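Sharing a structure here in C-alpha cells format.
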Amino acid sequence: MKKSLDMESYNHEDIEKKWQAQWQADGIYTVKDNVPGKENFYELVEFTYPSGNLHTGHWYAFAVPDIHARAKRMQGYNVLYPMGFDAFGLPAENAAIKLGADPKTWTYEQMEKMRVQLRSMGAMFDWSREVVTCDPEYYRWTQWMFNQFFAHDLVYRAITMVNWCPKDQTILANEQVVDGCCERCGTPVIQREQPQWMLRITKYADRLIDDLDNLDWPHAIKEAQKHWIGRSVGAEISFRIADHLQGISVFTTRADTIQGVTFVALAPEHPLVGELLPEITNVSAVSHYIETTKTKSELDRQQSKEKTGVRLEGVVAVNPMNNEEVPIWIADYVLAGYGTGAVMGVPMHDERDRAFAQAMGIAIIDQPLLDRDHVVKQVRGKIVKTYRLRDWGISRQRYWGTPIPIVYDLDGNAHPVPDEHLPWLLPTDVDHTPDGTAPLARSKELFERTEKIFGAGWKPEVETMDTFVDSSWYFYRYLDNHNGSAFAAKEKMDAWMPIDLYLGGAEHTTMHLLYSRFWNKALFDLGLVKESEPYKQRVNRGLILGPDGNKMSKSKGNVVNPDEIVGRLGADTVRMYLAFMGPYGTTANYPWDPNGVVGVRRFLERVWKLKQKIGKGAITAQLHKTIKKVTEDIAEYKFNTAVASMMTLVNEWERAPAILEGEYKTLLQLLAPFAPHITEALWQLCGETTSVHCSPWPLYNAALLVNEDRTIGVQINGKLRGEVTVAVSAPTEEIQKAALALPRIKEFLDGKTVKNVIVVPGRIVNIVCE
RNA sequence: GCCGGAAUGGCGGAAUGGUAGACGCAAUCGACUCAAAAUCGAUCGGAGGUGACUCCAUGAGAGUUCAAGUCUCUCUUCCGGCACCA
C-alpha cells in the first residue's frame, strides 16, 4: 500500500531523465524551415562562452525565454530557438594557459560539459543547428565577410593609440575599458601606439542612430546607443595663424559665441604643434608638456579635472570674425580624436574654457552673441557633423581567435587571402603564452603555408580578430549551419530573418548590439542580406543575485550552484522559480531566495497530487480567467504573474470536492512551457499518447468571464464604505440601485444630499455627497 | 554633471486612474506525531476598539480628478549608462 503511494509521488529525477531522452529520440524540437500553415518565429538568446560551468545566470538567460518560445510554439508558430557557443576569446584562452592546456582541446572539452548542463534545463533547443565560432566551418565565413568588407573599403589599416591591458597583454576596445581599467581583470589600462585593422563603423553612424526609430526596442537602449555614437552638429572654422599661410581649424557647436574668443587651444598630439615648433620661442616648455601628457595614463587624465597647458610663445591666431589676435595654447583637455583636435576658447560661455582661462590667467570677455548661420557664412566656415564613435579596431595580438585573412607581399602591401584558400586556418604549432607580441608570428607552419601559396618572401598577418566579430553574425549561421557554399542560403534567411525577438543582457547595449547592427548593415549594403536591421524586438534582462543581495562571486561565497538545486528539486522547479521572481524584460536584479524556490516545488507537488481529485466537477470560470491571464502575461514576459495565476487556480481547485479531467489537462498545457517535464509525465498519466508540447495552446471562453459575478467596492466621497456583488454584465442602473440599498450605505447617507453617483461596471461605485 | 530607470509589508513582488498589498517566502498559533520533518488549517502593513468597525498608510511635498501607488510639477535616495565630446 505504502509502496504504491511512493511510486505515485512526484519523482523529478526519473521524470526529467526519462522525458529528456524521449524528446530527443522523438526529435520533437527539430525545426524545419517551413511548415505549411505555420508562421515562423525566430527567438534568439545570446549564445555563451564555453566556460565549462553553467551558472544561475545562464539558467535565467536561457531557461526563462524557453518558456516564451514553448508557448509561442504551442500557439501555432514554427519557432526557432537555437543555441551555440561563442568559443573564441580570452576567457577560454586564459583558462587554457592557467592549466597548461591547448585552448582548442580545452574549449571542446568545456563545450561538451556545457551541452550536458544545458540539456538539463529541458529547453527546446534544436541542437542540430548548433553553431561554434571557433570551428573552421564557421570562421571560414567570418573571414569571407572580412574579405567582402575589404573589397568594399570598409576595412583599413591604421596606426592608432589603443587601450592596452598590461596583464592580459591585449588591446581593448573603449567598451572594454571600465573606469580606466580592463573590464576582465581590473588592471589599469595604458595607452600604446599600435597599427591595427579597422572597420569603418563611423561610416554608418547616422544610420545606426536614425534606424533605431523603427525598432521595437526599450527606450533606454536606444538612448544609450545614440549617446554612445554621440552625433553633434557644429561648424568647422579656421583661425589664421599670424604671419602664416596655414590656419588652425577648430570645431564648435557655438559659432554664435565667436566674439568672446580669448584663446585657441590645441590637443598636445595635434600635428600642427610639430609644424609650428621652429617659430616657438619656448620649445623646451612645450616639449616637456607634450612628454608629460604622453606618460599620463587615460585614467590619470580622466580622474584629474584640473586644467593644465602651455602657451605656444611666438605665435598667435587671428579671430576670423573680428581680426583680433589671440594666444595659442596646448592643453590636454582638448582631445585629439574629437572634432578637429582644436577648440576656440570662449571662457564666457564654456565651463571648461573658463576653468582653463582662470587657471592660466587668460582674459574672459563678455561680447554679444551673434547669429550662428551668419557667423559661419561670414568666416567661410562649414557645417559639419562629428561623432564620439570611433572606428572599430578588430586586431588582437592573441592566439585563440579568427585569423585575419591577410598576407603581405615583398613590398609589404596587404592582400586578402583569396576565398578559395578559406578557411585560413589557425595554426597549431604555436606557444600561445602572451608576451605582448602576436603568437601567430611564431608559427612556422603559417609562414610556410603563406610562402607556398603566394610565393617566397610573402608573409602572413599574425593578428586575430576581436571576438565581437564572431558574434556579429552568428544568428545567420543557425539558419544553415553546415552550408559549405555560403554563410547561409538566401531562402533560409528569407524564411527566418529578421529575428523576431532577441533576449539578452544589458551589458551588451553599446557593444555587441551596436557592432552586430553595423555588421548587418554592411552585409545589407553588399546585397548579401535582405534586412538592414537584424533584431525587430529586443528585451534586456537583469541579473540573479546571491541570497545576500550581492552579485554572485566565489570570493563572497554566495554562489548558487544550479546543478545542485536541479539535482535536489528538479529543473522544472528551478525554471519556474526563476520565472516567478519578478517580471522579465526589466533590468531589475533579483536575489535568489533558497526558501522561495522550495515554495515553487511545493506548488508542483500540489499539481501532481491534484490528479487524484479528477472526478465530476463543475466548469469553472476561474480556469478561463487563468487561461487569459497566462496567455497575456507570457506575451509581455510577465512570467511571475502568469505563475501566480496558476497558483491561484490550484488553490481554488484544492478547496473543490472534485475537478474535471479536461480542465486539469488544460492546466497541464498552460503549465507545460514553465515545467515541461512534470506536465509531460502527468499528461501521459492522463492517457495521452502524444507530447503535451505538441498540443495546441488552450483558448478561453469569453462568455464565461462576462457572466461571472463580481464583488465591487462602494465608496462615499472616495472612501470605501461597502461592497456589492453583481454580474459583470449588469446595467449601471442596477448596480447603482444595489449599492444605494446597502444598509451601511443608507446609514452613511442619512441626512445627506447625494450629488452624483459614479458607476464603473466591474470596478467601482462612488457616491458623491456633501 | 548629463542621459535612462526605479522607490509599495519583515522579504521577492501584485494592482486598464476605480476595493492597495494578488501570488510566494518568512513569522506566529493550531491539527497530525512519542517527537521532529513533511502535510493540512488559521493569523499575518500600523494604531485604536471585546466587537461590528474607525483612523493612518505606496520615498517627501504640492497639484489635477468624483476617485491617484498610477497623471503633472518640485525635491530626496538608490540602480544602470556616459562623462573635459568643444
Side-chain angles (χ1 to χ4, degrees), chain A residues 174 178 218-228 230-232 234-235 250-255 257 265 267 301-302 304-307 331-335 337-346 349-353 355-356 386-389 506-507 509-510 540 542-543 545 547 549 577 580-583 586-600 602-603 605-606 609 629 638 640-651 654 710-724 744 755-769:
Chain A
N174 284 335
V178 178
H219 181 67
I221 308 184
K222 291 187 182 183
E223 288 303 308
Q225 287 207 352
K226 280 182 196 170
H227 189 225
W228 186 266
R231 176 165 64 193
S232 100
V250 303
F251 174 76
T252 180
T253 54
R254 293 297 306 274
T257 65
R301 279 175 79 166
Q302 263 178 20
S304 162
K305 295 274 157 92
E306 267 172 56
K307 296 287 181 285
D332 68 1
Y333 85 92
V334 182
L335 306 176
Y338 187 76
T340 60
V343 299
M344 56 180 216
V346 188
H349 294 288
D350 185 278
E351 248 181 74
R352 295 150 305 179
D353 292 347
F356 185 71
T386 185
Y387 305 90
R388 204 189 79 99
L389 184 71
E507 68 274 18
T509 299
T510 50
N540 271 9
L543 296 173
L545 307 172
Y577 174 60
F580 185 56
M581 282 192 300
T586 70
T587 46
N589 301 328
Y590 306 110
W592 177 277
D593 178 357
N595 292 311
V597 73
V598 173
V600 170
R602 283 204 275 258
F603 168 72
E605 280 176 7
R606 286 212 286 273
K609 281 189 217 147
K629 182 78 178 142
K638 283 149 65 173
N640 56 330
T641 45
V643 172
S645 70
M646 287 187 281
M647 287 174 167
T648 305
L649 177 68
V650 166
N651 288 345
E654 278 182 337
R710 193 168 296 174
T711 304
I712 63 172
V714 179
Q715 300 174 331
I716 293 175
N717 288 338
K719 271 197 189 294
L720 186 72
R721 297 298 179 190
E723 48 187 34
V724 282
R744 253 176 65 71
K755 289 202 285 197
N756 193 10
V757 180
I758 288 151
V759 179
V760 185
R763 293 280 171 195
I764 200 86
V765 179
N766 190 13
I767 301 158
V768 187
C769 62

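Only a predicted model underlies this, so the values are computations on that prediction, with no experimental measurement involved. Below, chain A is the first sequence line, B the second, and so on; all start at residue 1.
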### Task
Supply the atom-to-atom distance A:Thr587 OG1 to A:Asn540 CG, rounded to the nearest 0.5 angstrom.
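CG of A:Asn540 is found 7.0 Å from OG1 of A:Thr587.
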### Query
What is the distance from atom CZ of A:Arg744 to atom CD of A:Glu723, rounded to the nearest 0.5 Å?
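Rounded to the nearest 0.5 Å, the CZ-CD separation comes out at 10.0 Å.
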### Task
Could you check which of B:A86, B:G18, B:C84 has an atom nearest any side-chain atom of A:Ile758?
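So the nucleotide nearest the side chain must be B:G18.
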### Task
Give A:Gly339 one of three labels, base, sugar-phosphate or nothing, depending on what nucleic acid heavy atoms sit under 4.0 Å from its own.
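Here A:Gly339 touches no strand at all.
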### Task
When you get a sec, tell me which of B:A86, B:G12, B:A14 is the closest nucleotide to the side chain of A:Asn640?
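From the listed options, B:A14 comes nearest.
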### Whole-Å P distance, B:A26 and B:G12
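It works out to 15 Å between them.
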### Message
Using OP1 and OP2 only, check whether a side-chain N or O of A:Ser232 sits under 4.0 Å from B:A86.
### Response
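Checking B:A86 against A:Ser232, a side-chain N or O does come within under 4.0 Å of OP1 or OP2.
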### Query
When the distance from CG of A:Leu543 to P of B:A6 is rounded to whole Å, what number comes out?
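These atoms are roughly 18 Å apart.
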#### Entry: Integer angstrom distance from the C1' of B:A57 to that of B:G21
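My reading of the C1' atoms in B:A57 and B:G21 gives 11 Å.
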### Query
Between B:C66, B:C25, B:G12, which nucleotide has the shortest distance from any of its atoms to the side chain of A:Asn766?
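So the nucleotide nearest the side chain must be B:C66.
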### Message
Closest approach to the side chain of A:Pro583, judged atom by atom: which nucleotide of B:C66, B:G4, B:G13 is it?
### Response
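Nearest to the side chain of A:Pro583 among the choices is B:G13.
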### Query
Side chain of A:Leu335: nearest nucleotide among B:C66, B:G4, B:A86?
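Looking only at side-chain atoms, A:Leu335 lies closest to B:A86.
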### Message
Over all strands shown, is A:Val768 touching base, sugar-phosphate only, or nothing at heavy-atom distances under 4.0 angstrom?
### Response
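Counting heavy atoms under 4.0 Å across all strands, the contact made by A:Val768 is with sugar-phosphate only.
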### Task
Determine the interplanar angle of the A:Phe356 and A:Tyr333 rings, folded into 0 to 90°, and report it as parallel if under 30°, tilted if 30 to 60°, perpendicular if over 60°.
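Answer is tilted, since the angle falls between 30° and 60°.
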### Message
Just to be sure I understand the rule, does A:Lys719 reach a base, reach only the sugar-phosphate, or reach nothing, if contact means heavy atoms closer than 4.0 Å?
### Response
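Answer is sugar-phosphate: A:Lys719 comes under 4.0 Å of backbone atoms only.
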### Query
Between B:G81, B:G12, B:G18, which nucleotide gets closest to the side-chain atoms of A:His227?
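Of the candidates, B:G81 comes closest.
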### Task
Looking at every strand, decide which applies to A:Phe580 at a 4.0 Å heavy-atom threshold: base, sugar-phosphate, or nothing.
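Base: the residue A:Phe580, judged by heavy atoms under 4.0 Å, touches a nucleobase.
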### Message
Could you tell me how far apart A:Ile221 (CD1) and B:C82 (C1') are, to the nearest whole angstrom?
### Response
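Value for this atom pair: 16 Å.
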### Message
If the cut-off is 4.0 Å, is A:Arg721 near the phosphate of B:U54, judged by side-chain N/O to OP1 or OP2?
### Response
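Yes.
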### Query
How far, in whole Å, is B:G13 from B:C29 if one measures between their P atoms?
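Here B:C29 and B:G13 have their P atoms 29 Å from each other.
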### Query
Does A:Lys222 have a side-chain nitrogen or oxygen under 4.0 Å from the phosphate oxygens OP1 or OP2 of B:G81?
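False: A:Lys222 side-chain N/O out of range (4.0 Å or more) of B:G81 OP1/OP2.
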### Task
Quote, to the nearest angstrom, the P distance that separates B:C11 from B:C82.
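These two P atoms come out 31 Å apart once rounded.
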### Query
When you measure from the side chain of A:Tyr338, which nucleotide among B:U39, B:U54, B:A86 comes out closest?
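Between B:U39, B:U54, B:A86, the one nearest the side chain of A:Tyr338 would be B:A86.
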### Query
For A:Tyr387 and A:Asn717, take the nucleotide of RNA chain B holding the closest heavy atom to each; which residue's nucleotide lies nearer the 5' end?
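Taking each residue's closest nucleotide, the earlier one in sequence belongs to A:Asn717.
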### Task
Could you check which nucleotide pairs with B:A67 in any of the strands shown, counting Watson-Crick or G-U wobble with both distances under 3.5 Å?
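Partner of B:A67: none.
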### Task
Take atom P in B:G46 and the same atom in B:A22, then report the distance between them in whole Å.
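Each nucleotide's P atom is 13 Å from the other's.
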### Query
Nearest-Å distance, CG (A:Asp593) to C1' (B:G24)?
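About 9 Å, once rounded to whole Å.
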### Message
Tell me the interatomic distance from A:Ile716, atom CD1, to B:C55, atom P, rounded to whole angstroms.
### Response
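Rounding to the nearest Å, CD1 of A:Ile716 and P of B:C55 are 11 Å apart.
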### Message
Show, in sequence, the C-alpha distance, side-chain angles and deciding distance for A:Val724 and A:Ile712, and conclude whether the side chain to side chain contact (heavy atoms under 4.5 Å, CB included) test is met.
### Response
CA-CA 6 Å; A:Val724 282; A:Ile712 63 172; 3.8 Å; yes
### Residue matched to B:A7 through Watson-Crick or wobble contacts both under 3.5 angstrom
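In the structure as shown, B:A7 has B:U76 as its Watson-Crick or wobble partner.
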### Query
Can you tell me if the side-chain N/O atoms of A:Arg744 get under 4.0 Å from OP1 or OP2 in B:U54?
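So the side chain of A:Arg744 is within the cut-off, an N or O lying under 4.0 Å from OP1 or OP2 of B:U54.
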### Query
Between B:G24 and A:Asn651, is there an OP1 or OP2 to side-chain N/O distance shorter than 4.0 Å?
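Affirmative; the distance criterion is met.
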### Task
Can you tell me, in whole Å, how much space there is between the C1' of B:U16 and that of B:G9?
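Comparing C1' positions in B:U16 and B:G9 gives a spacing of 25 Å.
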### Task
Taking the side chain as every heavy atom from C-beta outward, state whether A:Thr257 and A:Met344 have any atom pair closer than 4.5 Å.
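Touching, per the 4.5 Å side-chain cut-off.
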### Query
Closest to the A:Ala644 side chain: B:A22, B:C25, B:G81?
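Selected nucleotide (nearest to the side chain): B:A22.
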### Task
Check the chi torsion on B:G9 and let me know: syn if it falls within 90° of 0, anti if not.
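Nucleotide B:G9 adopts syn.
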### Query
Is the phosphate of B:G24, meaning OP1 or OP2, less than 4.0 Å from a side-chain N or O of A:Arg606?
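The answer is yes; a side-chain N or O of A:Arg606 sits under 4.0 Å from OP1 or OP2.
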### Candidate nucleotides B:G24, B:C53, B:C3, ranked by approach to the side chain of A:Glu223 - the nearest
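The answer is B:C3, which lies nearest to the side chain.
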### Query
Taking N and O atoms by type only, does the side chain of A:Lys755 place a donor or acceptor under 3.5 Å from a partner on the base of B:C66?
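No, the side chain and the base share no sub-3.5 Å donor-acceptor pair.
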### Query
Once you round it to whole Å, what is the distance between C1' of B:G24 and CZ of A:Arg602?
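Taking atom C1' of B:G24 as the reference, CZ of A:Arg602 is at 9 Å.
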### Query
Across all strands, who's sitting opposite B:U39 as a Watson-Crick or G-U wobble pair, both distances under 3.5 Å?
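Check on B:U39: paired to B:A31, both distances under 3.5 Å.
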### Task
Using the P atom as the reference point in each nucleotide, state the distance between B:U70 and B:G61 in Å, no decimals.
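Going atom to atom, P in each nucleotide, I get 13 Å.
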### Task
Quick one: closest heavy-atom pair of A:Ala224 and A:Thr509, and the distance?
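Reported closest heavy-atom pair: CB-CG2, 3.6 Å.
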### Query
Can you tell which of B:G13, B:A15, B:U16 lies closest to the side chain of A:Arg763?
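The answer is B:U16.
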### Task
Rounded off to whole Å, could you give me the CG-to-C1' distance for the A:Leu720 and B:C56 pair?
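The distance from CG of A:Leu720 to C1' of B:C56 comes to 15 Å, rounded to the nearest Å.
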### Message
Counting only Watson-Crick pairs (N1-N3 plus N6-O4 or O6-N4) and G-U wobbles (N1-O2, O6-N3), all under 3.5 Å, who is the partner of B:C2?
### Response
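Base partner found: B:G81.
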#### Entry: Whole-Å gap separating C1' (B:C82) and CD (A:Glu507)
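Value for this atom pair: 17 Å.
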### Message
What is the distance, to the nearest angstrom, from the NZ atom on A:Lys638 to the P atom on B:G13?
### Response
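Answer to the nearest Å: 15 Å.
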### Task
Would you classify A:Gln715 as touching base, sugar-phosphate or nothing, given that sugar-phosphate means primed atoms plus P, OP1 and OP2, and contacts are heavy atoms under 4.0 Å?
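Base contact - A:Gln715 has a heavy atom under 4.0 Å of at least one base atom.
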### Message
Under a 3.5 Å cut-off for both contacts, is B:G21 paired Watson-Crick or G-U wobble with anything, and if yes, with which nucleotide?
### Response
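Check on B:G21: unpaired, no WC or wobble geometry under 3.5 Å.
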### Query
Where the side chain of A:Tyr577 meets the backbone of A:Pro594, is there a donor-acceptor pair that is under 3.5 Å apart?
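No.
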### Message
Nearest 0.5 angstrom please: A:Glu223 CD to A:Gln225 CD, how far?
### Response
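Reported value, rounded in 0.5 Å steps: 11.0 Å.
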### Message
Working to the nearest 0.5 angstrom, can you tell me the gap between A:Lys755 NZ and A:Asn717 CG?
### Response
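Rounded to the nearest 0.5 Å, the NZ-CG separation comes to 8.0 Å.
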### Position toward the 5' end of RNA chain B (nearest nucleotide), A:Val765 or A:His219
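Checking each residue's closest nucleotide, the 5'-ward one belongs to A:His219.
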### Query
Heavy atoms under 4.0 Å, any strand shown: does A:Val250 hit a base, just sugar-phosphate, or nothing?
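Result for A:Val250 = nothing.
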### Message
Give me the distance, rounded to whole Å, that separates B:A20 from B:A68 when you measure between the P atoms they each carry.
### Response
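Comparing P positions in B:A20 and B:A68 gives a spacing of 10 Å.
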